[in-house]
Each structure stands twice: as C-alpha cells, then as structure tokens.
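Values below: every heavy atom of this structure, side chains too, minus hydrogens, waters and symmetry copies. Values in this document were obtained by computation on a predicted structure and should not be read as measured data.
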Amino acid sequence: MSVTREMFLAAIDRIAAAVERDFDMLNAADGALGDGDLGVTMTRGMRSIHAMKDDLPDDIGMALFQCAQAFTKSSGSSYGTLMATGLMSAAKTLRGRQQIDTASISGLLAGARDKMQERGKAELGGKTVLDSLDYVARATATAEAEPDDMVRAAARAVDKALDDFRDKPATVGRARVYGDKSIGLDDPGMLAMRSVVKAAVGH
Amino acid sequence: MSVTREMFLAAIDRIAAAVERDFDMLNAADGALGDGDLGVTMTRGMRSIHAMKDDLPDDIGMALFQCAQAFTKSSGSSYGTLMATGLMSAAKTLRGRQQIDTASISGLLAGARDKMQERGKAELGGKTVLDSLDYVARATATAEAEPDDMVRAAARAVDKALDDFRDKPATVGRARVYGDKSIGLDDPGMLAMRSVVKAAVGH
Amino acid sequence: MKKILNNPEDYVDEMLAGLTAAHPEYYRLHGDSGRVVARAKPGKDGKVGIVTGGGSGHLPVFTGYVGDGLLDACAIGDVFASPSAEQIADAIRAADTGAGVLRLYGNYGGDVMNFDMAGELVEFDDIVCSTVLLADDVASAPPEEREKRRGVAGMVYAFKIAGAAAAEGRELDGVTAVAQTAADACRSIGVALSPCTVPQAGKPTFEIAEDEMEMGMGIHGEPGVWRGKLQSADQIAGEMMDRLLSDMPITGDDRVSVMVNSLGATPPEELYILYRTVKARIEDAGATIIMPLVGRYATSMEMAGVSFTLCKLDDEMEKLLLAPCDCAFWRV
Amino acid sequence: MKKILNNPEDYVDEMLAGLTAAHPEYYRLHGDSGRVVARAKPGKDGKVGIVTGGGSGHLPVFTGYVGDGLLDACAIGDVFASPSAEQIADAIRAADTGAGVLRLYGNYGGDVMNFDMAGELVEFDDIVCSTVLLADDVASAPPEEREKRRGVAGMVYAFKIAGAAAAEGRELDGVTAVAQTAADACRSIGVALSPCTVPQAGKPTFEIAEDEMEMGMGIHGEPGVWRGKLQSADQIAGEMMDRLLSDMPITGDDRVSVMVNSLGATPPEELYILYRTVKARIEDAGATIIMPLVGRYATSMEMAGVSFTLCKLDDEMEKLLLAPCDCAFWRV
Ligand SMILES: Nc1ncnc2c1ncn2[C@@H]1O[C@H](COP(=O)(O)OP(=O)(O)O)[C@@H](O)[C@H]1O
Ligand SMILES: Nc1ncnc2c1ncn2[C@@H]1O[C@H](COP(=O)(O)OP(=O)(O)O)[C@@H](O)[C@H]1O
Ligand SMILES: [Mg+2]
Ligand SMILES: [Mg+2]
Ligand SMILES: [Mg+2]
Ligand SMILES: [Mg+2]
C-alpha cells in the first residue's frame, strides 16, 4: 500500500482545514505557556502550502521540500522551523519518488523526529512536539502495514502522548520558564501535532 | 514715628513664624493653581533670613539687601524672585538709614510694587501679589502716620484685596492656564502677602 | 509610572552627580550652588558664551546640550522649577570669556524673571548679556499672541544653530541675531498619552483615561487644545502636521528640518511609525527635509507622548545646523 | 501603557519604513521580505560580515546597530518573535563580501533554530558562517548552566567589539574569536518596574502592582529572581551590582566598561542616579571604568526598568571598544 499524490493533496486540504478550525485553541494554548502565536504559525504555513497545492511537483520529495520552505518563509516561530526541519528530512528520503510506501512512514517520522531534535537541541521526554512524533513513529512501526490500523495507531498515539505528558513540567522553549506552573497544561506543540496527525490520517 | 532695628528684627521673627505656620496652606493653595511650592519658597527664604538675623548690618538698607539675596539664593520660584525684587527696591531707598520713617512706608511699598511689576511684566488687577501690595500701599498712604491706624489699615487691605479678587480669573503665572477654573480660588501669592503683612505689623 | 530614586529632595543633585561622573569629558559642576553645569573644556577666550536654564526633568534639555558647538553653561532648578537668579548668574559667569553671553531659554514666567534678574546681578561683573526666548509651542497661544507661547523642543534647534555661530567666532550681536532667527523659524506641537511624576510632588502631573490622549498638551502637563480617544498614529501625525503647517506654511522652495521627539516613555519604534506621515506631508508640500531628528531630544521624564518641531531653514541656518557639535547626548 | 500605532499587524513594517526613510545614509531594506536591514554603504570587499537578528521592539537593538564599525545586516521578526530562517539567510547574503559571515545574536531557542537553519540554507551560496551567542543575563540561569542564559544588553558590547575587529580587516576566525571573548566577558542583570505591550497581543507582557518591582526579570517579561516592594535607587543598584560581581568578580587590575541601560520608559535622570552607585562599587573594587554607557542601548519598547551590563576588558577589547563606529543611534 502507498500514499499517492492524490491522497497527499487531500491530506493537505484536511490539515489546512484543521488548523483553521484550531486557530484559537492553539493560540490560547501557546498564550498560556508562550507568546500565543502557534495558531498563527500553523495557519500561515498551511495557507501558503494550500495556495501552491496544485503546482506542487509530482516528485513527492520535491513537493515536501516546497512545503518545508512554505514554513521557513512564513514564520520564524519555533514550531514553523521545526515543521520545516521535519518535512525537509522526509523530503530528502523521498526525493525522486512519486508516492510514499506506507511501510516507510514510521521510518520517515522517526527521521523527522531526529532531525527536529538536532535542530532544537532538546531531549526526548521534554514535553514537546518531539514526544508526539516519537509516539506516532513507534505506534506506526508496530502497527501492521494495514492503512486502517496505522490510522488508528497514529490517532491513539498523539492522544496518548498528550495524556502521558500533561502532568509533567515543560522543560523546553518559552514554556520552560513556567516550570511547575506548566504542570497540567498541554504543550501547545503537542496539541498542534495532534491536529496535524489526525487530519492527515483523516481521523 | 519710625521702625527701629529692634522692631525690624522682631518683625522678621514674626514673619518667619507665620510662614512656618502657613506652610501647608500656601503649598496647597499653590498646588491648586500652580506647582505647590509656595510654602517651600516662603519658609526657605525666611529661614535663611532668620538664620542671619543677628549679623544683619545696622544700615537698614544693607540689611534689606541681604534679605533680598536670601530669597534669590534660596529659590527660583516666581514669588521668591518677586520678594527679592521688592526688598531690593526698598533697600535702595533706605541705603544709609538706621531706621524706617513710618510715613515713608507707603511710598516704599508703592516703589516695591512698581519694581515687581517691571520684573514680572504683569498688569495691576491681574489677581497677583501686586494687587495686595497695591492695596496696602494705598491704605497706608491715606492712614494717618499713627502706627496703630497703619497696622489696622494694612491688615484690612490684604484681606480686602483677597475678597475683591477671589471671584476674578487668574491672568498671570502658572495659574493663568486655569483661566475660569481659578474663579473662587484665592491667588496663592496674595495669601502669602497676607501672611507676611499681618505678621509684619504684628496683627 | 514608577520612579527609581532615593530621597525625592535629592533627585536633581544625585542626577547631576551621576551625569558629571559619567561624562567628565563633557560636563563639570561650576560654583557652589551645585546647580550650574559648564563645559569641561571651556570655549576659548573671545568666544561668545551661550547660557540656558530651566527646570530639571527634561534631559537632554537643558544640561545635556552643554558642549562643543552648543551651550557653554546651564543653570537648572528642581524638577519643572526655575533655577534661582543667583544660579543663573553663576552660569553666565561660567560662560563669559569676555565676549558677552547670550541667554537662550524657554518662555516661562519664572524663568524670565530669574534670567532678567541674573542679568542685573552680572552687570556688576561687567558682563554684557543678550536674550533670545523660545516660544515655539503653537498650542499654547494663537498666532496673534505668539510672544505668549511656551518654549519647547524648538530650543534644541536654537541651541545648535546659535552654538555653531558662536563656535565660528561671531560676535554677540551676530550670535543673538541668528539665534532669534532660529527661534522664529521653529514651530512645535505636542501630544500627551500619559503623565509623569514630579519626585517632590509624588503624584502624576495630570490624570488621563487609559484610552485617551490630549492634543497640544504642554511638557509640564499644561492643558492642550482637546482631549479625546486615542487615535491612530497616522491620524495623530496628520493633525499635528496640520496645526504646524497652518501656523507656518511651507512651499516648494523651502528647506526644513523636522524633529519627531519622544516625551520620554514613547519608544523610537513609534516615532518612526509617525515619521512616515511627517515626511510625506512635508514632501507633499514640495519642501526638502534637512537632517530629520527622530528620538528623545526634549523630554518630561517618563511622560508618554510625542512632539513635532518644524524648523524652516535659510542657507545660513542650514549651514550652522549641519556644523559639527558634540555633547554626551548628540553629535553632529 | 498606551501605544501610538496604526494596525498592529503593520507595526514592524511601518517602523522599518520610517527608520529607513529617516536615515537613508545608514540603513536600507534588502531583499523582498521587508525584514532585512543592511548598511546603506556596504563594507568593502573582503571585510568579514557580521549579522544579527531577533525580535522587534528593542531599538536600537537589533536594527539600529547596523552601521560602520558595527553590524552589516540584520533580520528582524515581529515584536519579540524570531525572524524566519529565510530572512536570516537573506541578511547573511547581504552581509557577505566573500570573507564569511559571523552570526552574532542572543541565546533564544527560536532564534538559534532559525540562525542554524539559515546557515544551512546559505551553504548553497557557498557562504562560510560562524556563530557567537550572547548569554549574559545572570538572572536567567546559574553559573553552572551559563550556556542556558538569555542574551540581553551585553550584545551591544559584542556588536561594537566584533564590528571594530571586522572593520580592521581581520579574518572570520579572528573576528569570531574576539566576539566570543567579548560575549564571555559580559554579565548583565535587569530589573523591571512596569511591562510593555506587544502590539499584536494587545495586552501587557506581565502584571505588576503599582508599588512593586521584579529583580532579574527578562526583557520579554520572563520571570526574575524575586518580586517585591519597589526599593530605593541605591538599594536596587547595590543588589544588581552584588549579583553581577558575585558572578564575575573584579579586582584592582581590571579595566571594565559598564552599561546602565533603560528598558525604555525609565528616564536618563534615573539612570544617572543609579550610575553613582555603579561607579562607586566598581571603583571600590579598585577597578578602572572605561567608556561608561548610560542611556537607552537595548530596550523593550515602553517597559520601565533598567539593566546593568559589566564588560571586563583586555587590551585588545578595550582598543576595539574605543575604535570609531557610526550608526543612527550610536557614534564613537
Ligand atoms: N527546542 C525545541 N525542541 C523541540 N520542540 C520545541 C522546541 N522549542 C519549541 N518547541 C515546540 O514548539 C512549541 C512552541 O512553538 P512556537 O509557539 O512556534 O514557539 P515560539 O513562538 O516560542 O517560537 C512548543 O510547544 C514545543 O512543542
Ligand atoms: N509675572 C508675575 N507678576 C506678578 N506676580 C506674579 C507673577 N508670576 C507669579 N506671580 C505671583 O506669584 C505667585 C506664585 O508664586 P510661585 O509659587 O513662586 O510661582 P511659581 O512656583 O510658578 O514660580 C502667584 O500666585 C502670583 O501672586
Ligand atoms: Mg509561540
Ligand atoms: Mg513565536
Ligand atoms: Mg509655585
Ligand atoms: Mg515654583
């Protein structure tokens, strides 16, 4: 099984719609632990990706590379840069392909996680988007290469990551200065990744 | 009849005590129509005059000149400068004398009024200290050269000046910007002159 | 607004102690009043002296502009209060090198009395004095009563132009004449958003609602022309320019300098936003802008607000404005 | 605090439009993002480029220090937000004359990610980059975690010293090395009295009572070490110096520069009152003060408060600090 260009473009539609829907929620979550711009970052990035959707090259690697640039161009906020970093990593691996083998998705996510970790110089377990990605990468690895299983696994993983880290203190980014005040609050980046993943898998 | 050095020094004691007593009243009155420092100006000036009292020369003109300097040194506020100007004018006339002929007092006050008017470039009738002085100069001119009459006349004059101008708008100095808001309020400088005159004549 | 201070009584003396300690190459205290600041390197003999003075709380005005190609000495009083005649006389003595001294200051009643009296005091020292008053605040009196207007940021142009003329070696009459020309060529207007606190008074100079501004308010909180809802930067700049240009129209041949000045708390970011409109309005009139000044040139401590000053230049003033000057707050 | 602005979305772009319009001799916009400011007169070929960047709202930091003997280009983001990697890459391209580019900026997570990514983007342009991070805020992490500290006003010293080294014609390694030495030689601490408002957020960055101050608070309102009653100027300056000197002791042979910096609304009068104590504390230690900087060098718009920065100089840094520089906000 594999993700075709059509499925990929459809996922873009769903993610773009999801971040518009979650605009206020993400700004508010980031407002509580940071500068309150995460909804802005996500909508800016996804809008410009959505705008160039039809001109995206057939080479899915090149397409992902342009999606990455959409984020680096549209925002200087950490999350946009991290998204771009992750997309760039997948883009390199997929360079020359027309579609994505579902069996390779877990590896692509793990690769993105690692590059984003280098970029942000943060540890896993720090209550960040990295942990969401890590959960999803592992869940999709163990899931059979059956699309439906992967969808369910990915959706469960982003929720579980939030549940597991909610009561831990933030240790990274602007949220770090809140220390224990952040206990009980969801990490905004993990919330954003939940929106993205669930929309991507059409859950 | 004439004012001797002893009477002059006693008057200094009474004026110094009066402005200490009226410190808050004068600051408050000036606070309502200006920068609220008139009590400070008067006490600073009278304190330094009082401090050098015993060293004042017998020449009453020279003595008044030193009193004028006490005001120019101790304050840059308008009233201090006007007091100094008035004292300076009397000092010039009395240069060389050991005492003040009571019959000359009205003329001394009129002379001070005129010099202060030049200094402040303000008209008579503008609701300022000039009007208080003007009233006192006229009252003491018509009063017989009998000390007691003059005392009563001077005391009445400073009160009458306040009554006559209370309901006029301020036209001069910081109070000017208050325009009609100053109607009903006493001019701080006229209040200060009342304290000085009544203490001077021991009323 | 909160203030960082010790005993309010010591605010000015401690400020001057810090100022002279931080910049000994520019400033020194003169005389024993502690309120007279003179140039660390006095002007050479025969140079006309220029003296100013007024209340504290307006840095760089007044003290800050003592320097090369600017002022020779300054007497300052308590916050927003005139220095004494004796202190001004000391400043005049410090500035005199035998060529006479120009008294160049803002038109405030108390200051005028004290500068006049100081002039009489230094007559005994055989010092010749001249006077030029700044009266550039168009909001403080109508054109027909121009002589009643208050002096505000326009004095910075007068300091600069007169200072350059004196540095050139002109005589007292010449320096006085060009200072007067500069003073007459300046028009200013201010807008206030929030007050400042005079240390000894301990309370704000005025009250204003969180969503209000006051057009034309004076730097000490003197009432302005209207108070109303806070407008947009473009609206505010537009009205301020309207008021300046209706008082002193400019045409295609004019060369003007313009100052966009913060009263203290308003940050440079906002001054630059305002400058867009200022520049457009002057260039729409076809005039040419010379050396625009955007920053904090004449303030009221932590007051929020801005003032604009237009200075219409002739060739002589332009040359003098562009001439070198050097003090701790301004270098050309 | 009230702000003078138009549409909050346009705050930064309008500020840059005004800045470049007021000072075309110093600044020009580079590239099409509208957020990259480069020197009007670029450094001559072969000169190492120096680039900085960060959020808006700190004038003169960052953009203001683009100039002769200082920075070559700057990328700035929205107020208090990092510029994008693409914008930083544009700034690096603007600054490059073939001799490589030093990225010299403050230690904030978002900025670090974007400067790193920008470095990867310009690898395709064959531009060699080095990096020096400012981490001078002693209140933001203990000495054993120095690398976690935030960069604040100390960057002004690093800009000046690195800029002079580049102007001297040193190579990238040399400029980078002395920039690192300067960054390591700086210690800063801030105290906040009142917040500022980020235009797009529309509300103050933090709340604080009318009679309170916060020691060690960051320039974006990051929590400090304690919050309590507003103290006297001498007490505040004393504790700030205690904290700086315990982190970086100075002795009799030391030559140090010190910056007494207003965060915006706090007027120079109060900085000079504070400077008395700063000077006394340094001289009590027997050290010598070189070129004290008292003024507004690194701000947070209309925030009230101050920061102190100590920079311990060696002969090389002292020479570079005293070397000439020129921008619209600072001239040496
Ligand atoms: N260094 C980092 N490493 C990994 N994730 C990070 C890092 N910094 C921030 N994040 C993630 O990004 C989210 C915040 O994104 P964003 O609002 O764009 O940051 P900012 O606006 O402060 O630049 C955080 O909730 C966290 O999940
Ligand atoms: N130009 C003037 N001519 C005459 N009297 C004046 C003048 N200016 C002020 N006064 C008098 O001085 C009083 C204010 O004195 P003061 O508080 O010392 O003024 P300020 O503090 O504003 O310098 C006024 O009430 C008025 O009586
Ligand atoms: Mg954010
Ligand atoms: Mg952000
Ligand atoms: Mg008064
Ligand atoms: Mg006064």
Side-chain angles (χ1 to χ4, degrees), chain C residues 1-7 10-12 14-19 21-23 56-57 59-60 64 79 191 193-194 196 210-213 230-234 236-237 260 264-276 278-279 292 294-296 299-302 304-306 328-329 331, chain D residues 1-7 10-12 14-19 21-23 56-57 59-60 64 79 191 193-194 196 210-213 230 232-237 260 264-276 279 292-296 299-302 304-306 328-329 331:
Chain C
M1 277 298 301
K2 298 169 183 170
K3 302 182 81 69
I4 301 177
L5 43 65
N6 296 305
N7 180 346
D10 302 329
Y11 191 83
V12 172
E14 291 182 347
M15 177 273 284
L16 288 175
L19 178 77
H23 312 293
S56 292
L59 280 176
V79 172
V191 54
L193 274 66
S194 69
C196 58
E210 241 328 297
D211 61 347
E212 282 186 329
M213 59 179 272
L230 181 60
Q231 300 181 331
S232 74
D234 291 351
I236 293 170
V260 176
T266 296
E269 283 81 0
E270 295 170 26
L271 300 181
Y272 287 115
I273 289 173
L274 291 163
Y275 181 72
R276 295 160 39 255
V278 172
K279 178 170 189 278
V294 182
R296 291 170 170 113
T299 67
S300 291
M301 296 184 291
E302 70 278 12
V306 299
F329 296 84
R331 203 179 292 175
Chain D
M1 276 300 300
K2 299 167 181 172
K3 302 183 81 71
I4 301 177
L5 43 64
N6 297 305
N7 180 346
D10 302 329
Y11 190 85
V12 172
E14 292 182 346
M15 176 273 285
L16 288 176
L19 178 77
H23 311 294
S56 292
L59 281 177
V79 172
V191 55
L193 273 65
S194 71
C196 58
E210 241 328 297
D211 62 347
E212 281 187 328
M213 59 178 272
L230 181 59
S232 75
D234 291 351
Q235 283 174 308
I236 293 170
V260 176
T266 296
E269 282 81 0
E270 294 169 26
L271 300 181
Y272 287 115
I273 290 173
L274 291 164
Y275 181 71
R276 295 160 38 257
K279 179 171 188 279
L293 303 174
V294 182
R296 291 169 170 114
T299 67
S300 290
M301 294 183 294
E302 70 279 10
V306 299
F329 296 84
R331 204 179 291 175

Novice: So for Y11(D), is it side chain, backbone, both, or neither that comes closer than 4.5 Å to the heavy atoms of chain C?
Specialist: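 Both backbone and side chain.
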Novice: When heavy-atom pairs shorter than 4.5 Å are enumerated against chain C, which of P268(D), P292(D), A22(D) gives the highest number?
Specialist: A22(D)
Novice: If I measure from the heavy atoms of chain C, does I236(D) come under 4.5 Å with its side chain, its backbone, both, or neither?
Specialist: side chain
Novice: Can you tell me which of R331(D), E302(D), M301(D), R296(D) forms the most heavy-atom pairs within a distance under 4.5 Å of chain C?
Specialist: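 Between R331(D), E302(D), M301(D), R296(D), the count favours R296(D).
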Novice: Which heavy atom of Y272(C) sits nearest to which heavy atom of H23(D), and what is that distance?
Specialist: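 Answer, listing the atom of Y272(C) first, then H23(D): OH-NE2, 2.7 Å.
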Novice: Mind listing the closest non-hydrogen atom pair of E270(D) and I4(C) along with its distance?
Specialist: OE1-N, 2.8 Å
Novice: Tell me, out of G305(C), A233(C), P267(C), who's got the most heavy-atom pairs with chain D below 4.5 Å.
Specialist: A233(C)
Novice: Looking at E212(D), is its backbone amide N or carbonyl O close enough to the side chain of K2(C) to form a donor-acceptor pair, meaning the two atoms are under 3.5 Å apart?
Specialist: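 At least one qualifying donor-acceptor pair exists.
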Novice: Name the region of L271(D), side chain, backbone, both or neither, that has any atom closer than 4.5 Å to a heavy atom of chain C.
Specialist: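 L271(D) has no heavy atom closer than 4.5 Å to chain C.
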Novice: At a 4.5 Å cut-off on heavy atoms, which part of L16(C) comes close to chain D: side chain, backbone, both, or neither?
Specialist: neither
Novice: Considering only heavy atoms and a distance below 4.5 Å, find which of V294(D), V79(D), L59(D) pairs most often with chain C.
Specialist: L59(D)
Novice: Which residues pass the side chain to side chain donor-acceptor pair (under 3.5 Å) test with K279(C), sequence neighbours left out?
Specialist: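 Result, side chain to side chain donor-acceptor pair (under 3.5 Å) vs K279(C): E283(C).
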Novice: What option among K3(D), E14(D), M15(D) has the most heavy-atom pairs under 4.5 Å with chain C?
Specialist: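 Ranked by heavy-atom pairs under 4.5 Å with chain C, first place is E14(D).
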Novice: Considering only heavy atoms, which portion of I273(C) lies under 4.5 Å from any heavy atom of chain D: side chain, backbone, both, or neither?
Specialist: both
Novice: Could you pull out all residues at least two apart from Y275(C) that satisfy side chain to side chain donor-acceptor pair (under 3.5 Å)?
Specialist: none
Novice: Would you mind checking which part of L19(D) comes under 4.5 Å of any heavy atom in chain C, side chain (CB onward), backbone (N, CA, C, O), both or neither?
Specialist: both
Novice: Which bit of D211(D) comes within less than 4.5 Å of chain C, counting heavy atoms only: side chain, backbone, both or neither?
Specialist: backbone
Novice: Main chain of D234(D), side chain of N6(C): is a donor-acceptor contact present, judged purely on distance under 3.5 Å?
Specialist: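 Yes.
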